[in-house]
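Only one structure is covered here, and it is reproduced in the block below.
Along the sequence shown, residues carry numbers from 1. Computed from heavy atoms alone, side chains included, the values below leave out hydrogens, waters and symmetry copies. Remember, it's a predicted structure, so these values are computed and weren't measured experimentally.
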Amino acid sequence: MKKTFFAIILIAFVGFLGWWFSGSDEPGTSAATGRGTRSVPVEVTAIKSDTIRDIAQFTGTLKPSARFVIAPKVTGRLEELRVNIGDQVKNGE
């Protein structure tokens, strides 16, 4: 019987403390619910336009997706080059 009585008194005391510290008298609270939102400090500044630069340095090795080795099948000397670098050539030219 003493344990039950002690439990009821403890629950009533915790309920009273919850009601006491509910913050019903804080600014921004509603009288109907006793609850409200807490204010959050903010900093207000003027709007300005500026340039954002995204600069980064990377190190590493670049590897091509394809590699071509051009070498003659016979020995000799090149007398004339009829195409420039970057020109398209067809098979047999």
Query raised in the report: Is Arg77 salt-bridged to Glu79, going by a charged N under 4.0 Å from an acidic O?
Result: no

Distance from [X] atom [atom1] to [Y] atom [atom2], nearest 0.5 Å?
X     : Y     : atom1 : atom2 : value
Ile9  : Thr4  : CD1   : OG1   : 11.5 Å
Phe6  : Ile11 : CZ    : CD1   : 10.5 Å
Thr51 : Arg53 : OG1   : CZ    : 9.0 Å

Query raised in the report: What are the two closest non-hydrogen atoms of Glu43 and Thr45, and how far apart are they?
Result: OE2-CG2, 3.8 Å

**Report entry** Minimal non-hydrogen separation, Asp87 against Asn84, with atom names
**Finding:**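 Minimum heavy-atom contact is OD2-N, 2.8 Å.
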
Query - Over 12 foreign heavy atoms within 6.0 Å of CD1, Ile85 - result: no

